[in-house]
Amino acid sequence: GLTQEILAERAGLTYKHYQQVEAGRKPDIRLTTLIKIAHALEVEPWQLLKFDLAPVILAEDAVQYGKQAGSAKGARKQPQRRSVAKN
């Protein structure tokens with residue numbers, strides 16, 4: 001829900017640099033860049049690297065779209081863990 005310009009500004013990056021990161025033209029970004037982007041999105045850096053998770057919805061977007069923050073339509077339900085009784 002954010003433009004590249006707004007996200008770059010929030011992250012303290014130039015628009016062109018962020019655009020290249022998002023487009024995959026900078027595949028070897030610095031950890032500090034990843035952290036800046038994560039903070040701008042209000043998520044933890046590891047969440048940007050966990051590709052099997054559903055996309056995160058920002059709190060401001062949740063209000064706009066009437067959804068709960070942190071959930072996404074069509075998100076995969078995580079399997080429940082079963083406890084095994086030990087004899």
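Counting begins at 1 with the first residue of the sequence.
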- Note on the structure: CD (Glu44) and CD1 (Ile35) are apart, to the nearest 0.5 Å, by 10.0 Å
- Note on the structure: With sequence neighbours left out, the residues meeting side chain to side chain contact (heavy atoms under 4.5 Å, CB included) with Ile6 are Leu2, Thr3, Arg10
- Task: Please list all pairs passing the side chain to side chain donor-acceptor pair (under 3.5 Å) test where one or both residues lie in residues 22-33, with sequence neighbours left out.
- Result: Gln4-Glu22, Tyr18-Glu22
- Item | Contact check, side chains of Leu41 and Leu48, non-hydrogen atoms, under 4.5 Å | yes
- Task: Check step by step if side chain to side chain contact (heavy atoms under 4.5 Å, CB included) holds for Leu13 and Val21.
- Result: CA-CA 11 Å; Leu13 302 170; Val21 169; 5.9 Å; no
- Task: Could you tell me which residues satisfy side chain to side chain contact (heavy atoms under 4.5 Å, CB included) with Leu49, sequence neighbours excluded, listed by chain and number?
- Result: Leu34
